[in-house]
Amino acid sequence: MKRRVFAAVMAATMLAASLAGCGGSSSSAEGGSGDSAAAESETVKIAFVGPMTGDNAFYGETMLAGVQIAVDEWNEKGGVLGKQIEVVSYDDANTSEQAASVAEQIVGDDSISAVIGHFSSGVAMTAAEVYQEAGIPFINGSAAHMDLAKIGNCIFRNNAIYATDASSMLQIMDYYGIEKFGIINPNTDAGVSVTTEVENMIEKFGDKYAPQMVEPQYYEDGTVDFSASVAWFEEQGVQAIYTTGAYAAAAPLIQQYHAINPDMKFILTSGCFGQEFIDLAGEDAEGCGMANSFFYGSESELVQNFNEKYKAMMDGDNASTFAGQTYDAAYAIFYAMEAGESADRASIVEQLPNTDFEGVTGKITFDEEGNCPKQQVLLEIHNGEYVEVPGALLNQTDYEAKLGV
């Protein structure tokens, strides 16, 4: 069975979560009543939360693996503050209801110093409200909603936001010479928000941006029949389609479209970066492009070392974007602990804005809102493998300057 090594790690951390009590008073956003508990603990504890069950369990597994690799590396060199680091893992099933409950449990455990995780934007934002209220530092590694980090000073993020994704997508359409394209996204807050960001950016660019976008389309979660959308896009005469859907939806969409028009170009996002998508989409994955903040095929020695450890843990699979982003998030927390010489929640919150190091997902710094600016690269799928297209993408600021906006 795949991921045997990781399964053992996950079982241990989930057991720790089940044994963790819900008692203890939560701290305020100004400081923590849990400071003394963290100081007296024999280990430094951080929490990971993600979908460990349900349709999105793959994302939870890969994100937890990134955190665990970071923890293992620090523990091998002595831990942090002279103590070994322990990950306590929780399952939010990617639902806001369960995320809120788990978040309350975490903030009530005064021995936990910081939190990493939650997958989708709506779920992460629900939990972030709880973390901000309690004053516990939280770093997300996947949710792209523009408002997440605005929730408060305790909330940070190490992944591209919708504005970055929108800029990269528009650049890709231009790079491919597309004259007319379509968007189809899940009918969720996240799907609507990223579409809105694309529309806002096109309006901002005006006639300085050549490709034309047709009316956006949406689908409900769990949709497997995209025939109506395929027919509609064909009527519009689009040359390419952009979707932010996860691989479970993107793969059947592409397969059904290619059955009608095998030449249709698809632009995807990090939710489809992984062998799982290629296996599910089969030969229809060929030629798909995507903007990504991480590539396991990078020549960077740091990336290669991380990917080898990930492959050993995950039965040969290459590391995902989300794993790289949570790996760097864990490093940011540990560096903050060292800088403040404390595992106290308030100290970590104070030190995180000073973060500055080179991670596997690029330079890790946080802006005034708590976001980490990302430089993305264009990846294409050829012969069942992801291949980087060097120099195809600029960062958002440089691209707008190029357009003269």
Side-chain angles (χ1 to χ4, degrees), residues 1-4 6-18 20 47-68 87-106 115-131 138 140-145 148 159 185-192 194 218-226 243-253 268-281 313-315 317 319-323 325-326:
M1 184 176 180
K2 296 192 73 176
R3 306 185 181 101
R4 291 184 295 273
F6 177 74
V9 173
M10 187 174 72
T13 54
M14 292 296 287
L15 176 60
S18 69
F48 169 80
V49 193
M52 310 309 297
T53 56
D55 294 341
N56 295 290
F58 161 75
Y59 298 111
E61 290 179 3
T62 190
M63 292 164 73
L64 176 55
V67 174
Q68 189 63 55
V87 184
V88 186
S89 177
Y90 298 81
D91 178 20
D92 67 9
N94 203 42
T95 69
S96 293
E97 295 79 11
Q98 191 157 326
S101 176
V102 166
E104 292 288 357
Q105 183 177 351
I106 290 171
V115 187
I116 299 172
H118 297 288
F119 176 57
S120 66
S121 289
V123 173
M125 292 176 73
T126 297
E129 296 281 359
V130 179
Y131 300 138
F138 166 53
N140 177 267
S142 60
H145 196 287
L148 174 62
N159 56 275
N185 281 330
N187 190 21
T188 60
D189 181 60
V192 173
V194 69
Y218 297 97
Y219 63 87
E220 301 301 323
D221 280 343
T223 298
V224 294
D225 182 0
F226 294 93
T243 180
T244 62
Y247 68 87
L253 167 65
L268 314 172
T269 57
S270 54
C272 292
F273 177 59
Q275 192 61 41
E276 284 75 9
F277 168 72
I278 293 177
D279 290 345
L280 190 59
M313 180 176 286
M314 301 294 274
D315 202 21
D317 286 353
S320 71
T321 305
F322 305 120
Q325 287 167 172
T326 54

inquiry  = Using 0.5 Å steps for rounding, measure from the OG1 atom of Thr321 to the CZ atom of Phe273.
reply    = 5.0 Å

key: Identified side chain to side chain contact (heavy atoms under 4.5 Å, CB included) partner of Thr326 from the options Asn140, Ile116, Asn159, Leu64   = Ile116

key: Partners meeting ring-ring contact (aromatic ring centres under 6.0 Å, His included) with Tyr219 (sequence neighbours left out)   = Phe226

By side-chain contact (heavy atoms from CB on, under 4.5 Å), which residues pair with [X], not counting sequence neighbours?
| X | value |
| --- | --- |
| Gln275 | Ile278, Asp279 |
| Ser101 | none |
| Ser120 | Asn94, Val123 |
| Ala246 | Tyr59 |

Taking all heavy atoms of [X] and all of [Y], pick out the closest pair and write down the distance.
| X | Y | answer |
| --- | --- | --- |
| Gln68 | Met313 | CG-CE, 3.9 Å |
| Met52 | Asp91 | N-OD1, 2.9 Å |
| Ala99 | Asp92 | CA-CB, 3.9 Å |
| Pro51 | Asn56 | CG-O, 3.2 Å |
| Ala250 | Gly245 | CB-O, 4.0 Å |
| His118 | Met63 | O-CE, 3.5 Å |

Counterpart residues, side-chain hydrogen bond (donor to acceptor under 3.5 Å, both in side chains), relative to [X] (two or more places apart):
| X | answer |
| --- | --- |
| Thr126 | Ser96 |
| Asn187 | Glu220 |
| Asn185 | Thr195, Thr244 |
| Asp225 | Ser227 |

ask   = Judged by atom type as modelled, is there a donor-acceptor pair below 3.5 Å linking the side chain of Ser121 to the main-chain atoms of Ala143?
value = no

Any donor-acceptor N/O pair, Glu104 side chain to Val130 backbone, under 3.5 Å = no

task = Compute whether any side-chain donor of one residue and acceptor of the other, for Thr62 and Ser320, lie under 3.5 angstrom apart.
result = yes

ask   = Only one of Phe322, Phe58, Phe48 forms a ring pair (Phe, Tyr, Trp, His ring centres under 6.0 Å) with Phe119, so which one is it?
value = Phe322

inquiry  = With a 4.5 Å cut-off on side-chain heavy atoms, are Tyr247 and Leu268 touching?
reply    = no

